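Every heavy atom of this structure was used, including side-chain atoms; hydrogens, water molecules and symmetry mates were not. Quick caveat: nothing in here was measured; it's all calculated off a predicted structure.
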Amino acid sequence: MRERRVELGLTQQEAAKRAEVSVATWRRLETASELDGFKADNVKGFARALRLGVAEFHQLMGSEEVAKADAAADDLVRFFNSSFTGDPLTAADAMALHSTVAFSDFAPMKSGRFEVEHALGCGFAAFLKGEASIREVELLRDLPELALTQVNNHWLVRMGERIMRVGGELGEGRVPRPVCLADEYALAIVILNTDPPSVGDVLDTFPGLNDREHLPPRYWDEEDGRELVWDWRDRMLGALLPPDEAHDYRRHDLLVMEAHGQGVYDTSDPRHPLRWFDRDDLGDQCQSSLAYARLSEQEQTERIKEAMERIRG
């Protein structure tokens with residue numbers, strides 16, 4: 001247990017916070033040879049803090065409960081295999097993305113609302129209590145600077161709930177689709193914080209996931225490996241987010257503006273953070289853009305010509 005904690009770069013205090021136990025309980029875990037005497041909720045917390053599946057945690061501890069935990073994992077694998085068939089996500093893709101949310105402060109909850117006392121990690125809860133900065137909060141710290149400098153805690157909670165929605169949709173066997181700009185950012189953040197499924201990572205925790213035969217062993221620290229990571233992330237972005245051409249006045253503009261140190265201060269501007277939660281027609285725009293992309297080059301040229309004529313009057 002100690003080696004795994006050190007591997008994750010956690011102190012005993014940080015690990016205890018993530019597991020929602022006292023430091024004394026965590027220290028007892030690191031010196032224990034079995035799990036007798038630990039409550040079931042503690043065991044789940046230990047596994048969560050160490051970013052392990054419950055079955056994998058039991059296995060490391062030499063527990064006799066492995067078979068029971070494995071049965072629950074098998075049920076989850078069967079569910080993901082039947083729900084995600086590769087268009088656009090394989091079961092392994094979906095599980096990797098779901099795990100990013102499940103092991104964050106924004107684990108899916110039935111209520112769909114973020115509650116500090118139920119936060120799995122310690123980052124966002126500590127931020128809301130004034131004990132940490134937003135730069136210490138995983139996932140939310142990846143929001144554009146121009147958004148983080150213009151919002152309050154209520155806005156950040158809502159954004160966290162959009163991240164929870166991503167995990168919740170996946171956990172219910174559905175492909176998450178954005179209905180507003182906040183959803184787009186939530187999806188992009190989850191994708192960009194996820195490594196592709198690999199032998200030795202999510203597939204060891206959940207053996208039997210579809211697509212295993214196409215996946216390499218994990219070697220992301222090597223140069224070629226990093227290219228594979230970005231290829232997979234680009235594929236996920238393309239599969240789950242509408243194309244930039246559908247609404248480049250929003251997310252695309254915000255990226256360019258941030259690169260030039262600019263901000264959006266007019267609250268009526270559709271790019272302003274307060275407007276991110278406004279439901280829009282991203283789905284229709286996405287379909288329209290895809291339909292245009294499927295036209296022949298000659299038809300695309302004629303469409304552009306017609307549009308220019310309308311503009312000229």
Side-chain angles (χ1 to χ4, degrees), residues 4 7-9 18 44 47-60 66 69-108 120-121 138-139 142 163-178 183-184 186-241:
R4 176 61 178 170
E7 179 185 339
L8 294 173
R18 287 177 181 271
K44 290 179 181 178
R48 202 166 53 219
L50 295 172
R51 295 184 181 272
L52 297 171
V54 174
E56 194 173 9
F57 177 78
H58 277 287
Q59 206 162 15
L60 284 178
V66 176
D70 278 344
D74 289 344
D75 289 342
L76 187 61
V77 166
R78 280 193 289 272
F79 175 68
F80 269 68
N81 282 345
S82 63
S83 300
F84 302 101
T85 58
D87 184 21
L89 299 176
T90 66
D93 292 332
M95 186 64 79
L97 294 169
H98 179 262
S99 295
T100 294
V101 183
F103 288 120
S104 76
D105 285 2
F106 308 105
L120 299 187
E138 290 186 23
L139 303 184
D142 293 327
I163 293 172
M164 289 169 62
R165 176 181 174 272
V166 173
E169 293 277 284
L170 290 165
E172 293 174 3
R174 296 193 296 269
V175 176
R177 298 294 188 186
D183 283 339
E184 278 196 70
L187 261 173
I189 285 171
V190 170
I191 291 168
L192 294 175
N193 279 276
T194 302
D195 282 341
S198 61
V199 176
D201 190 10
V202 69
L203 295 185
D204 275 359
T205 305
F206 300 100
L209 283 170
N210 288 343
D211 203 35
R212 185 183 187 102
E213 63 274 14
H214 299 119
L215 300 170
R218 177 172 181 155
Y219 59 101
W220 307 140
D221 293 337
E222 299 177 17
E223 188 173 342
D224 291 344
R226 293 312 300 174
E227 288 184 14
L228 282 176
V229 170
W230 283 105
D231 285 347
W232 181 83
R233 289 174 179 172
D234 286 343
R235 181 162 63 84
M236 292 298 100
L237 290 169
L240 300 179
L241 295 181

Working note: Leu240 + Leu97, criterion side chain to side chain contact (heavy atoms under 4.5 Å, CB included); need CA distance, chi angles, decisive distance, verdict.
CA-CA 12 Å; Leu240 300 179; Leu97 294 169; 4.1 Å; yes
Please test Met236 against Leu187 for side chain to side chain contact (heavy atoms under 4.5 Å, CB included), starting from the C-alpha separation and ending with a verdict.
CA-CA 9 Å; Met236 292 298 100; Leu187 261 173; over 6 Å; no
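The minimum heavy-atom distance between Pro88 and Ala239, with the atom names listed, is CB-CB, 3.7 Å. For the residue pair Ala91 and Asn81, the shortest heavy atom distance occurs at CB-OD1, 3.2 Å.
Side-chain atoms of Arg235 and Asp93, non-hydrogen and from C-beta on, do get closer than 4.5 Å to each other. Contact of the Trp230 side chain with the Leu192 side chain is registered, since non-hydrogen atoms from C-beta on lie closer than 4.5 Å. Between Asp142 and Asn193, some side-chain heavy-atom pair lies under the 4.5 Å cut-off. Leu209 places none of its side-chain heavy atoms less than 4.5 Å from the side chain of Pro197. Two residues are said to be in side-chain contact when any heavy atoms from C-beta on lie closer than 4.5 Å; Glu184 and Pro178 meet this criterion. Inter-residue side-chain proximity for Leu76 and Met95 is flagged as met; some heavy-atom pair is nearer than 4.5 Å.
To the nearest 0.5 Å, the span separating CD1 on Ile163 from CG on Asp105 amounts to 9.5 Å. Distance check, rounded to the nearest 0.5 Å: CG of Leu89 to CZ of Phe84 gives 6.5 Å. The distance from the OG1 atom of Thr194 to the CD1 atom of Ile189 is 11.5 Å, given to the nearest 0.5 Å. Note that OG1 of Thr100 is 13.0 Å distant from CZ of Phe106, once rounded to the nearest 0.5 Å. Atom CD of Glu172 sits about 7.5 Å away from atom CZ of Phe79, to the nearest 0.5 Å. A distance of 9.5 Å separates NE2 in His98 from CZ in Phe103, rounded to the nearest 0.5 Å.
Distance alone, capped at 3.5 Å, is enough to place a donor-acceptor pair between the Ser104 side chain and the Val101 backbone. Asp231 contributes no side-chain N or O that, together with a main-chain N or O of Leu228, makes up a donor-acceptor pair within less than 3.5 Å. In this structure, Arg174 contributes its side chain and Glu169 its backbone to no donor-acceptor pair below 3.5 Å. Counting only distance, with no hydrogens or angles, the side chain of Arg165 and the backbone of Asp183 share no donor-acceptor pair below 3.5 Å.
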